[in-house]
Amino acid sequence: MQPTVETLEGLERKVNLVISIDDVEKEVKTQLSRVARTAKVQGFRPGKAPVSVIERSHGPGVRYDVINQKVGQLFDEAIREAKLRVAGAPSIEPTEENATDGQLSFAAKFEVYPEVSVPDLEALEVTRFNAEVGEQEVNNTIDILRKQRATFSADAERAAEKDDRVTVDFVGKIDGVEFEGGKAEDFPFQLGQGRMLPEFEEAASGLKAGESKAFSLTFPEDYPGKEVAGKTAEFTITVKEVAVPVLPEVDSEFAKSLGQPEGDTEKLLSEVRSNIEREVKNRTQARTKNSVMDALAKSASFDVPKSLVDNDVQSRIVAAREDLKQRGMPNADTMDIPADAFKSDSERRVRLGLIVAELVDSAKLQVTPEQVRTRIEEFAQNYEKPEQVVTYYLTDRERRAEIESVVLEDNVVDHILSKAKVTEEKVPFEELMGTV
């Protein structure tokens with residue numbers, strides 16, 4: 001009799017599977033006989049040990065494998081008959097339910113994929129972002145590049161201000177006691193770069209070489225140094241040098257320092273503009289994609305398989321541990337990373353993945369080889385030798401799959417933008433590039 005699939009809660013299903021002990025034992029005997037032909041058993045010539053001896057050494061393992069095989073086959077038949085798509089691996093446990101003499105009974109619990117329907121795309125409200133790149137944006141970028149290559153000139157009479165480099169001695173105390181990391185000599189930092197806590201920068205601002213100042217500083221609760229996090233320290237800072245930034249001229253040497261071999265400043269400006277335009281395009285497209293995906297996710301209300309969410313959460317935890325290891329965290333492999341921190345985002349990712357898959361299939365948005373090559377060629381322009389990057393991505397299956405995934409999302413975004421209610425929004429260049 002074909003097993004009946006029982007609906008539990010949400011997407012969870014259950015099916016009872018019953019197998020014959022006689023059938024199991026017949027298959028066990030067949031496999032043990034096969035093992036006996038080549039088995040090497042102490043006291044017997046190879047292949048001459050009795051099946052009864054082989055039973056004692058190999059029986060339990062063979063029997064376990066046979067039961068698993070028969071239960072798996074019965075489960076697959078039940079799923080195929082019920083025309084279900086199983087999400088994740090089933091949980092199969094032995095049970096007394098429905099079993100009679102001469103039988104073994106198992107209960108298989110599993111989840112199925114939800115019924116996913118593509119929402120009315122014309123009802124979606126999305127935003128397409130754009131930004132302008134003009135002479136001012138190019139000049140501002142050049143100024144940033146100049147500041148990154150600035151040299152510093154000491155000025156004994158200058159009161160420290162934003163962008164100046166100050167060299168200081170400082171000592172900090174909590175409840176009158178110095179603490180580890182709270183003292184330094186000849187410590188340099190540049191004002192206005194966000195390297196130091198705001199109170200520290202404020203105390204140094206306006207001081208000249210040789211001047212000192214006392215101030216209080218309360219460390220943030222999430223400060224990396226746990227021994228001082230949330231505590232208030234009393235600091236004394238003494239400025240030893242104030243140095244003014246000296247920006248390089250935009251000349252041949254400057255162009256060469258930025259990789260323009262000919263030292264041609266006009267070509268440099270053209271290359272900078274091209275790089276900015278490419279980066280602006282990438283960032284505005286990313287914002288637009290987020291808007292589209294947010295609208296798509298909000299339009300869906302179906303349940304998602306817990307097993308798929310759990311798998312995504314675990315992959316995020318693994319990635320988080322790897323990131324911590326890359327940052328030099330010594331206990332990254334054992335650090336407690338709560339799954340709840342990723343659950344909401346993982347549910348969204350799984351839900352979006354299901355909708356996108358349905359939309360790709362129904363609207364025939366599959367990726368073409370030409371699209372992949374074009375995207376790789378665009379991406380390769382960020383590198384010194386683009387042709388090598390193109391060859392690498394086209395010949396490496398894993399890297400190519402990454403690009404195919406990106407192009408697939410682009411196809412979905414473009415398709416939705418062609419049908420949804422689209423609002424155009426201009427993003428200030430500084431905001432887009434994170435320079436404000």
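Remember, predicted model here, so these are calculated numbers, not experimental data.
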**Message:** Set out, in order, the CA-CA distance, both residues' side-chain angles and the distance that settles salt bridge (charged side-chain N to carboxylate O under 4.0 Å, His left out) for K289 and E409, then state yes or no.
**Reply:** CA-CA 8 Å; K289 179 184 290 187; E409 287 188 353; 3.2 Å; yes
**Item:** Steps toward ring-ring contact (aromatic ring centres under 6.0 Å, His included) verdict (F75, F110)
**Value:** CA-CA 11 Å; F75 176 77; F110 58 97; 5.2 Å; yes
**Request:** With side chain to side chain contact (heavy atoms under 4.5 Å, CB included) as the test, would you mind laying out the steps for L197 and Y223 before giving the verdict?
**Result:** CA-CA 10 Å; L197 291 171; Y223 192 73; 4.2 Å; yes
**Request:** Would you please test M293 and R348 for side chain to side chain contact (heavy atoms under 4.5 Å, CB included) and show each step?
**Result:** CA-CA 10 Å; M293 293 302 178; R348 179 182 182 275; 4.0 Å; yes
**Item:** Chi angles and distances behind the side chain to side chain contact (heavy atoms under 4.5 Å, CB included) call for V413, Q285
**Value:** CA-CA 9 Å; V413 170; Q285 284 182 338; over 6 Å; no
**Request:** List the steps, then state whether salt bridge (charged side-chain N to carboxylate O under 4.0 Å, His left out) holds for R327 with D323.
**Result:** CA-CA 6 Å; R327 295 170 183 264; D323 181 61; 2.8 Å; yes
**Item:** Verdict with reasoning, D143 to R146, per salt bridge (charged side-chain N to carboxylate O under 4.0 Å, His left out)
**Value:** CA-CA 5 Å; D143 285 342; R146 292 174 68 202; 3.4 Å; yes
**Asked** For L432 and V280, what are the C-alpha separation, side-chain angles and deciding distance, and is it a side chain to side chain contact (heavy atoms under 4.5 Å, CB included)?
**Response** CA-CA 8 Å; L432 184 68; V280 164; 3.9 Å; yes
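In this structure, OG1 in T7 is found 12.5 Å from NZ in K14, a value given to the nearest 0.5 Å. Distance CD/E111 to CZ/R13: 9.5 Å, rounded to 0.5 Å. Atoms OG and CG, from S205 and L191 in turn, are 4.5 Å apart once rounded to the nearest 0.5 Å. Of the inter-residue distances, the one linking H415 atom NE2 with L121 atom CG reads 5.0 Å to the nearest 0.5 angstrom. Between the CD1 atom of I144 and the CG atom of N139 there is a distance of 11.5 Å, given to the nearest 0.5 Å. Here the straight-line distance linking atom NZ of K83 with atom CD of E81 works out to 8.0 Å at 0.5 Å rounding.
Within the 3.5 Å criterion, the main-chain N or O of V407 finds no donor-acceptor partner in the side chain of Q371. Distance alone, capped at 3.5 Å, is enough to place a donor-acceptor pair between the T288 side chain and the T284 backbone. Checking side-chain atoms of T141 against main-chain N and O of E137 turns up a donor-acceptor pair under 3.5 Å. In terms of modelled atom types and a separation under 3.5 Å, the side chain of K231 and the main chain of E227 share a donor-acceptor contact. Looking only at distances, a side-chain donor or acceptor of R351 sits under 3.5 Å from a matching main-chain atom of F302. Distance alone, capped at 3.5 Å, is enough to place a donor-acceptor pair between the D164 side chain and the E161 backbone. A donor-acceptor pair under 3.5 Å is absent between the side-chain atoms of R128 and the main chain of E424, judged by distance alone. Remark: side-chain polar atoms of D312 are not paired, donor with acceptor, to backbone N or O of L308 under 3.5 angstrom.
Across all their heavy atoms, K267 and E262 have their closest contact at NZ-OE1, 2.8 Å. In terms of heavy-atom proximity, E201 sits nearest to Q190 at OE2-O, 4.0 Å. The two residues P119 and L296 make their nearest non-hydrogen contact at CG-CD1, 3.9 Å. Between A160 and A204, the closest heavy-atom pair is CB-O, 3.7 Å. Here the closest non-hydrogen pair linking L207 and I237 is CD1-CG2, 4.4 Å. Heavy-atom minimum distance, E249 versus F254: O-CB, 3.1 Å.
Between R273 and E135 a salt bridge is recorded (basic side-chain N to carboxylate O distance below 4.0 Å). Contact check on E377 versus R373 returns a salt bridge, with a Lys/Arg side-chain nitrogen under 4.0 Å from an Asp/Glu carboxylate oxygen. Using a cutoff of 4.0 Å between basic side-chain nitrogens and carboxylate oxygens, R165 and E241 are scored as salt-bridged. Salt bridge D120/K419: absent, no basic N to carboxylate O contact under 4.0 Å.
Residue E398 qualifies as open at atom CD: its count of foreign heavy atoms under 6.0 Å is 12 or below. For E115, the CD atom sits in a loose shell: 12 or fewer heavy atoms of surrounding residues, nucleotides or ligands are nearer than 6.0 Å. Taking a 6.0 Å sphere around CG of D251, one finds it holds more than 12 heavy atoms contributed by other residues, nucleotides or ligands. Within a 6.0 Å radius of CD in Q381, more than 12 heavy atoms belonging to other residues, nucleotides or ligands are found.
When side chains are defined from C-beta on, V239 does not count as touching K208, because their heavy atoms never get closer than 4.5 Å. Contact annotation: the side chain of I416 approaches that of L359 to within less than 4.5 Å [non-hydrogen atoms, C-beta and beyond]. Inter-residue side-chain proximity for L269 and T265 is flagged as unmet; no heavy-atom pair is nearer than 4.5 Å. Residues D345 and R316 have side chains in contact (heavy-atom distance under 4.5 Å, counting atoms from C-beta outward). Residues L145 and R149 meet the side-chain proximity criterion, which asks for heavy atoms closer than 4.5 Å. Counting heavy atoms from C-beta on, the side chains of L324 and I337 come closer than 4.5 Å. Looking only at side-chain heavy atoms (C-beta outward), N130 and V427 stay at 4.5 Å or farther from each other. Residues P305 and L354 are in side-chain contact: their nearest non-hydrogen atoms beyond the backbone lie under 4.5 Å apart.
Using a 3.5 Å distance cut-off with no hydrogens or angles, the side chains of Q73 and E77 do not pair a donor with an acceptor. Checked by atom type, the side-chain pair R287/N290 shows no donor-acceptor distance below 3.5 Å. Checked by atom type, the side-chain pair E425/T127 shows no donor-acceptor distance below 3.5 Å. Side-chain atoms of Q136 and N140 include a donor-acceptor pair closer than 3.5 Å.
Using bins of under 30°, 30° to 60° and over 60° for the plane-to-plane angle, the ring pair Y393/F379 lands in the perpendicular bin.
Under a cutoff of 6.0 Å and an axis angle of 45°, R85 and Y113 form a cation-pi pair.
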